Amino acid sequence: MSQLNLKQLNEKQREAVEWFDTPLLVFAGAGSGKTRTIVYKAAYALDKNLVKQNQILLVTFTNKAAEEMRKRVNYLTGQTLPHVGTFHSLAAKILRRDGSKLGIKQDFLIYDQQDQLSLIKEILKELNYDYRQIKPRSVGYNISVAKQEMLTAADYGKLARSYQQEIIAKIYQEYEKRLQQFGALDFDDLLMKVVDLLKTKTEILEKYQNLFKYVFVDEYQDTNTVQYQLTKLLAQGHKNLCVVGDVAQSIYRWRGANYRNILKLKDDFPDLKEIRLERNYRSSQTILDAAEQVIKNNTSHPTLSLWTDKDSGEKIGLIEASSPRDEAKKILEEVYKWKQKGKKWNEIAILYRTNAQSRVLEEALVREGIPYILVGGIKFYERAEIKDVLAYLRLVFNQQDGVSRKRLEKIGKRRLKRLEEKLVNFDYRKYKVNEILMMIYETTGYLEKYNKEDKEDLARLENLRELEALAMEYERLDEFLENVALVQAEYYAGEMSKNKEALTLMTLHAAKGLEFSIVFIVGMEEGLFPHSRSMLDQEELEEERRLCYVGITRAKEKLYLSYAKQRLVYGSYTSNERSRFIDEIDPDLLESQGISQESFNNKSKQVQKIDDDVFEAFLEGEIDIDRLLE
DNA sequence: TTCAGGTGTATTTTT
DNA sequence: TACACCTGAA
């Protein structure tokens with residue numbers, strides 16, 4: 001039969017898997033086997049014939065998580081779940097099918113944040129607002145927040161109290177008009193419209209309520225109001241709902257996430273069953289203790305109390321540095337220690353609060369010849385050349401698309417004109433995506449923009465080659481565009497990105513859901529972490545603390561916290577106190593790391609590149625750091 | 001269409 | 001500091 005064996009679960013996990021009587025809320029602490037529990041529960045429901053595979057709806061926050069769960073359910077049961085995805089992809093699916101009832105065209109485009117911003121800028125210009133007074137970003141943010149609260153432009157106008165808000169209301173109204181005209185929906189629209197659809201068209205609501213006999217929602221603490229509504233609507237039918245989350249890991253408040261949604265659930269489902277997964281399989285006791293000591297300073301929400309069978313393990317390394325450069329150096333000393341003990345590069349991660357901090361670290365890694373990957377940075381689909389070509393493709397798909405047209409006008413009116421002439425007699429449905437791509441290149445001569453001899457241009461051409469490879473995977477243009485809009489292509493920057501075994505650099509946000517043997521959290525300074533923008537507001541400060549909690553609980557064996565006494569911020573030197581989060585940890589759990597050896601200090605500066613052979617010898621443990629740096 | 005120069009601004013960014 | 005963005009001139 002199947003791979004399903006409930007003996008692989010602990011008691012609490014099993015209880016969660018077998019519970020089908022009433023709606024279920026699983027508080028799953030960091031490293032408590034959350035994914036495993038969801039996956040087993042879905043598999044169990046299939047195995048017991050409680051539902052068929054297409055009757056399970058499994059909503060996650062990232063495509064990566066969705067992919068992971070789909071794979072694992074498939075492994076356990078041999079069945080593939082068709083409805084696993086993000087809130088946004090689910091909404092897009094429903095709107096493509098039934099959106100016409102709300103007057104939404106079936107082939108609507110999806111505008112991302114950048115599209116939204118360009119559109120707002122254009123409107124600002126046309127309505128004669130000064131972008132210095134009315135900031136496009138802020139307008140976009142306000143519109144987004146409004147939509148998350150399901151406020152239409154008209155609603156917003158009625159609620160507007162200040163002059164600023166009235167202007168935003170006007171822009172919002174115009175923005176909506178244009179979206180409609182262009183046949184486009186933005187990210188927030190997807191959710192808002194689908195809730196609108198389900199609320200107003202009972203027959204459609206019933207259809208989906210009947211279809212989805214079981215609804216799972218992962219990372220529930222990060223849902224916003226409209227996502228909460230959507231969950232409620234869909235689950236209200238069979239009342240077979242399982243949501244999983246951890247309040248202490250809610251770190252997206254600034255995008256509308258409201259962890260109170262998880263606490264509010266009891267009001268909507270009075271017979272809600274609660275199960276807590278508090279056994280941690282990831283970290284040492286010391287790391288868990290530190291995490292708990294930090295998070296218990298948050299007073300506005302309850303927290304879980306994690307425990308483990310493991311030993312207390314290593315103390316938490318505390319690194320004090322004079323500057324970010326010194327910080328990087330000291331970190332690498334510790335990194336080498338672990339490398340010598342046999343750890344692989346990919347078991348080590350350096351986490352920071354802001355992207356700007358990555359640079360000094362990168363420089364140090366490059367100097368030492370340590371392979372690394374930098375997660376985040378410029379996203380693939382956000383690159384100018386990729387956006388250009390996608391704009392052409394979107395225009396082929398939908399000639400109403402004003403944002404794309406505007407962009408294409410900027411890169412060449414003649415090119416655009418030639419394409420538009422071609423499109424008069426062109427039916428994209430008859431061609432594969434890469435055939436259309438070739439047609440675009442031929443008609444517009446876009447590639448001539450770039451010179452192969454130029455290093456930067458060559459990189460752009462390579463990116464476009466990559467896009468072509470992606471396009472090959474799709475037959476139909478609409479499918480390709482939908483995927484581009486809703487799936488952020490994973491993209492790693494950095495010298496050594498091709499090297500699989502590499503140390504990871506990323507923001508604390510990006511680290512959520514991941515784990516590493518050795519974790520460094522750097523820049524633990526007041527003003528940086530907690531960030532100065534968050535220090536005045538209790539709610540925001542607590543979110544910073546949750547972020548710290550997320551960071552700490554990424555570590556399996558050894559955690560390091562580091563801070564620099566002086567740091568260059570916006571061009572001027574500032575001295576910051578060490579982060580309050582460090583002082584929230586019992587000093588007995590901490591251990592100051594030694595001052596660096598002078599030799600390392602001096603030599604590492606001179607070393608440009610280490611010989612491969614020497615480096616290899618070092619990896620084999622044949623020589624030590626000092627020899628390596630000679 | 002391109003580019004130099006000025007100006008303002010500066011978290012995090014699953015979709 | 002450093003970068004993104006706008007503007008105006010060539």
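We use all heavy atoms of the structure for the numbers below, so side chains are in, but hydrogens, waters and symmetry mates are not. Chain identifiers are assigned alphabetically (A, B, ...) following the order of the sequence lines, protein sequences preceding nucleic acid strands; residue numbering begins at 1 within each chain. Owing to the predicted nature of the structure, the values given are computational and were not obtained by experimental measurement.
One can place CZ of A:Arg567 at 14 Å from P of B:dT11, the figure rounded to the nearest angstrom. A straight line from CD1 of A:Ile251 to P of B:dT12 spans 13 Å, rounded to a whole angstrom. Rounding to whole angstrom units, CZ of residue A:Arg137 and C1' of B:dT11 are separated by 11 Å. Distance A:Leu124 CG to C:dC5 P: 14 Å, rounded to the nearest Å. Rounding to whole angstrom units, NZ of residue A:Lys135 and P of C:dC6 are separated by 14 Å. Nucleotide B:dT14 holds its P atom 6 Å from the CZ atom of A:Arg255, rounded to whole Å. The distance from atom CD of A:Glu382 to atom C1' of B:dT13 is 9 Å, rounded to the nearest whole Å. Straight-line distance from the CG atom of A:Leu541 to the C1' atom of B:dT11: 14 Å, rounded to whole Å.
If you look at A:Phe87 and A:Phe61, their ring centroids are closer than 6.0 Å.
At least one donor-acceptor pair under 3.5 Å links the side chain of A:Asn142 to the backbone N or O of A:Ser138.
Nearest to the side chain of A:Asn355, among B:dT15, B:dT13, B:dT14, sits B:dT13. Picking from B:dT15, C:dC6, B:dT12 the nucleotide with the shortest atom distance to the side chain of A:Lys121 gives C:dC6. The side chain of A:Thr62 approaches B:dT15 more closely than any other nucleotide in the set B:dT15, C:dT1, B:dA10. With distances taken from any side-chain atom of A:Phe61 to the nucleotides B:dT15, B:dT1, B:dT14, the minimum falls on B:dT14.
When the side-chain nitrogen and oxygen atoms of A:Asn63 are compared with OP1 and OP2 of B:dT15, one or more of them lie within a distance under 4.0 Å. Side-chain N/O atoms of A:Thr60 include none lying less than 4.0 angstrom from OP1 or OP2 on B:dT14. Between A:Tyr570 and the phosphate of B:dT11, there is a side-chain N or O to OP1/OP2 separation shorter than 4.0 Å. Checking the phosphate oxygens (OP1, OP2) of C:dT1, no side-chain nitrogen or oxygen of A:Arg359 falls inside 4.0 Å.
At the heavy-atom level, A:Glu219 lies nowhere under 4.0 Å from the strands shown. At the heavy-atom level, A:Ile411 lies under 4.0 Å from the strands shown only through sugar-phosphate atoms. No contact: A:Lys449 has no heavy atom under 4.0 Å from any strand. Contact annotation for A:Gly513: no contact, since no heavy-atom pair falls under 4.0 Å across all strands.
As rounded to the nearest Å, B:dT11 and C:dC6 have C1' atoms that lie 24 Å from one another. One P atom belongs to B:dT13, the other to C:dA4, and the distance between them is 16 Å to the nearest Å.
The aromatic rings of A:Tyr111 and A:Phe182 sit tilted relative to each other, their planes meeting at an angle between 30° and 60°. Between A:Tyr172 and A:Tyr175, the two ring planes are tilted [angle within 30° to 60°].
A salt bridge does not link A:Glu515 to A:Arg554: none of the charged nitrogens lies less than 4.0 Å from a carboxylate oxygen. Ion pairing between A:Glu544 and A:Arg353 holds under the 4.0 Å rule for side-chain N and carboxylate O.
Aromatic stacking is not marked for A:Phe87 over B:dT15, as the cut-offs of 5.5 Å for the centres and 30° for the planes do not both hold. By the criterion of a centre-to-centre distance under 5.5 Å and near-parallel planes under 30°, the ring of A:His509 forms no stack with the base of B:dT12.
Here the rule is ring pair (Phe, Tyr, Trp, His ring centres under 6.0 Å) with A:Phe480, and of A:Tyr474, A:Phe397, A:Tyr381 only A:Tyr474 fits it.
Toward the 5′ end of DNA chain B lies the nearest nucleotide of A:Leu547, the other residue of the pair A:Leu547 and A:Ala485 mapping further downstream. With the nearest nucleotide of DNA chain B identified for both A:His531 and A:Arg415, A:Arg415 has the one nearer the 5' end.
If you check distances only, the side chain of A:Arg353 does reach the base of B:dT12 with a donor-acceptor pair under 3.5 Å.
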